[in-house]
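For reference, the structure discussed in these notes is given below.
Just so you know, residue 1 is the first one in the sequence shown, and it goes up from there.
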Amino acid sequence: MGDDPRSADDTRSADDPRSTGDTGSTGDPRSTEARVDAYGELAAVGPYGVRPGHALITMVEPHPGHEFAYNRWYEDDHYYAGAMAMPWMYAGRRWVATRELQLLRVPEKSAVARPVTAGCYLSTYWITEGRYDEHMKWTVAINKRLNRDGRVHQARTHVFTAFQDHEATVYRDGAAGPRDLHALDHPYQGLVLEVIDAAGPRERAEVLEWLRARHLPRALLDSPAAMVTLFRPTPLPGDRMTYVRQVEGVDTRLTLLWFLECDPRACWAERFAAREAEVAAAGLGRVELLAPFIPTVPGTDRYVDQLR
């Protein structure tokens, strides 16, 4: 394991970009005023609803020996500067898979995670419906700036990172209970990431309809899962950061997030152990990843010592 990089008093050096307050100003007050005024103009037009029209779902593996350093960087800086402070990204949550949870994953040979245990941390974010393009402009620019300023932790691998468009949400309790817009703020005790690949675009539409209208309503009956959100991946822009690979399965893949009211270990055998076979039996697609997670505890290193 890596050492905890925080000092006892958690002071910042003078050249730490988190402590400088650098605004990138050109020094021309007229230029600064024009940029500030633009915020008022942008806020007055365009969609501003609360539906999670899009999501960023990113599963990352810190390199061995860098687990503590990676977690502190993400908790103390990147979750905010590289995500929640951005326009139109209005909810977020981090999840972790201890070694015990990693060993529950299927299939053994996954097209998503190689090996299937790769990717101990998962971050999920909601983006306002209709604001994907605006958000992407900002996220590409800010991540380039963070990288230039030395605020990107390099000792990590992106296992499964994709912006996704929301397709549907299926609820266990109908109109009662939290909605999908609340899902990342509600204190769910677990999450299961499921990735299904279909043979082609037409088959993916059939899988989506089967899941939404028939299979998931039955699967959720008397289940500890309160809802399942369904997404389809979108390609990353050409000017993305080079350490994030282009998205696979844009025309054939679906991503499901199961929000659980219990620890996934408590219901895995009963509710998820047979999922790979259930999807295969429908003849519409193949489960390429079924991975359980529990929520991190913000501001702490809880579970970091249980990743290996």
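- Judged purely by distance below 3.5 Å, without hydrogens or angles, the side chains of Y125 and T58 never pair a donor atom with an acceptor atom.
- Put simply, the side chain of E209 never gets that close to the backbone of E206: no donor and acceptor are under 3.5 Å apart.
- A donor-acceptor pair is defined here as one N or O able to donate and one able to accept, closer than 3.5 Å; no such pair exists between the side chain of T252 and the backbone of D197.
- Panel note: side chain R93, backbone H186; a donor-acceptor pair is recorded below 3.5 Å.
- Using a 4.5 Å cut-off on side-chain heavy atoms (C-beta onward), I294 and P264 make contact.
- At least one donor-acceptor pair under 3.5 Å links the side chain of H54 to the backbone N or O of G130.
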Check the pair R232, D165 against salt bridge (Lys or Arg N to Asp or Glu O under 4.0 Å), reporting the backbone distance first and the verdict last.
-> CA-CA 5 Å; R232 58 177 175 83; D165 286 342; 3.5 Å; yes
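- The distance between the ring centers of W88 and H135 does not fall below 6.0 angstrom.
- In this structure, the side chain of Q189 engages the main chain of E261 through a donor-acceptor pair within 3.5 Å.
- For the residue pair N71/R94, the side-chain donor-acceptor check at 3.5 Å is satisfied.
- The closest donor-acceptor contact from the side chain of E288 to the backbone of I196 lies at 3.5 Å or more, if one exists at all.
- With salt bridges taken as basic N to acidic carboxylate O contacts below 4.0 Å, none links R156 and E61.
- M86 and Y39 fall within the same hydrophobic cluster, where Ile, Leu, Val, Met, Phe, Trp and Tyr residues are linked whenever their side-chain heavy atoms come under 4.5 Å apart, directly or through other members.
- Judged by distance alone, the side chain of T296 and the main-chain N or O of P298 form no donor-acceptor pair under 3.5 Å.
- Hydrophobic clustering of Ile, Leu, Val, Met, Phe, Trp and Tyr side chains at less than 4.5 Å, counting indirect connections, keeps M89 apart from L42.
- For R265, the CZ atom counts as densely surrounded, since its 6.0 Å shell holds more than 12 non-hydrogen atoms of other residues, nucleotides or ligands.
- Between Y70 and Y121, the ring centre distance stays below 6.0 Å.
- With H166 contributing its side chain and A168 its backbone, the two residues share a donor-acceptor pair below 3.5 Å.
- Looking at D77 and R151, their side chains come closer than 4.5 Å, going by heavy atoms from C-beta outward.
- A pairwise comparison of heavy atoms in F231 and T229 identifies CE1-OG1, 3.3 Å as the closest pair.
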V60/F160 under side chain to side chain contact (heavy atoms under 4.5 Å, CB included): CA gap, chis, key distance, verdict = CA-CA 7 Å; V60 173; F160 176 73; over 6 Å; no
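- Proximity of V228 to L220: side-chain heavy atoms (C-beta onward) are separated by under 4.5 Å at one or more points.
- Note on R105 versus E100: no salt bridge recorded, every NZ/NE/NH1/NH2 to OD/OE distance being 4.0 Å or above.
- Ring geometry for Y74 versus Y79: interplanar angle of 30 to 60°, hence tilted.
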Test K137 against E134 for salt bridge (Lys or Arg N to Asp or Glu O under 4.0 Å), laying out the working first.
-> CA-CA 5 Å; K137 287 290 187 181; E134 292 91 333; over 6 Å; no
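- The closest side-chain heavy-atom distance from L256 to L216 is below 4.5 Å.
- The structure places CG of D149 at 6.0 Å from CZ of R145, a figure rounded to the nearest 0.5 Å.
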Working for side chain to side chain contact (heavy atoms under 4.5 Å, CB included), residues R271 and D222 | CA-CA 10 Å; R271 293 288 177 174; D222 301 318; 4.1 Å; yes
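- Residues L56 and W126 have side chains not in contact (no heavy-atom distance under 4.5 Å, counting atoms from C-beta outward).
- Nearest heavy atom pair, residue P217 against residue R214, reads CD-O, 3.5 Å.
- Ring geometry for F259 versus Y188: interplanar angle of 30 to 60°, hence tilted.
- One finds the OH atom of Y171 at 5.5 Å from the CE atom of M227 (value rounded to the nearest 0.5 Å).
- Contact of the V116 side chain with the E108 side chain is not registered, since no non-hydrogen atoms from C-beta on lie closer than 4.5 Å.
- A pairwise comparison of heavy atoms in A162 and P233 identifies CB-CB, 4.3 Å as the closest pair.
- H66 and H63 have perpendicular rings, their planes meeting at more than 60° on a 0 to 90° scale where under 30° would count as parallel.
- Between A118 and M59 the shortest heavy-atom distance is O-CE, 3.8 Å.
- Residues W210 and L208 form no side-chain contact, since every pair of their non-hydrogen atoms from C-beta on lies 4.5 Å or further apart.
- Contact check for E129 versus Y48: no side-chain heavy atoms found under the 4.5 Å cut-off.
- Distance check: R114 CZ to K109 NZ gives 12.5 Å after rounding to the nearest 0.5 Å.
- In summary, the side chains of W95 and T124 do present a donor paired with an acceptor at a separation below 3.5 Å, with no hydrogens or angles considered.
- Across every non-hydrogen atom of T161 and H158, the tightest pair is OG1-ND1, 2.6 Å.
- One N or O on the side chain of T300 and one on the backbone of V297 form a donor-acceptor pair closer than 3.5 Å.
- R51 approaches Y90 most closely through the heavy-atom pair C-OH, 3.3 Å.
- Within the 3.5 Å criterion, the main-chain N or O of A97 finds a donor-acceptor partner in the side chain of Q102.
- Note on ring orientation: taking the six-membered ring where Trp is involved, the planes of F272 and W268 are parallel (angle under 30°, cut-offs 30° and 60°).
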Report the C-alpha distance between V207 and L254 in whole Å, list the side-chain angles of each, state the deciding distance to 0.1 Å, and finish with yes or no for side chain to side chain contact (heavy atoms under 4.5 Å, CB included).
-> CA-CA 9 Å; V207 175; L254 289 171; 3.8 Å; yes
Evaluate the criterion side chain to side chain contact (heavy atoms under 4.5 Å, CB included) for residue pair V96 and F293; output intermediate values, then yes/no.
-> CA-CA 5 Å; V96 61; F293 293 85; 5.5 Å; no
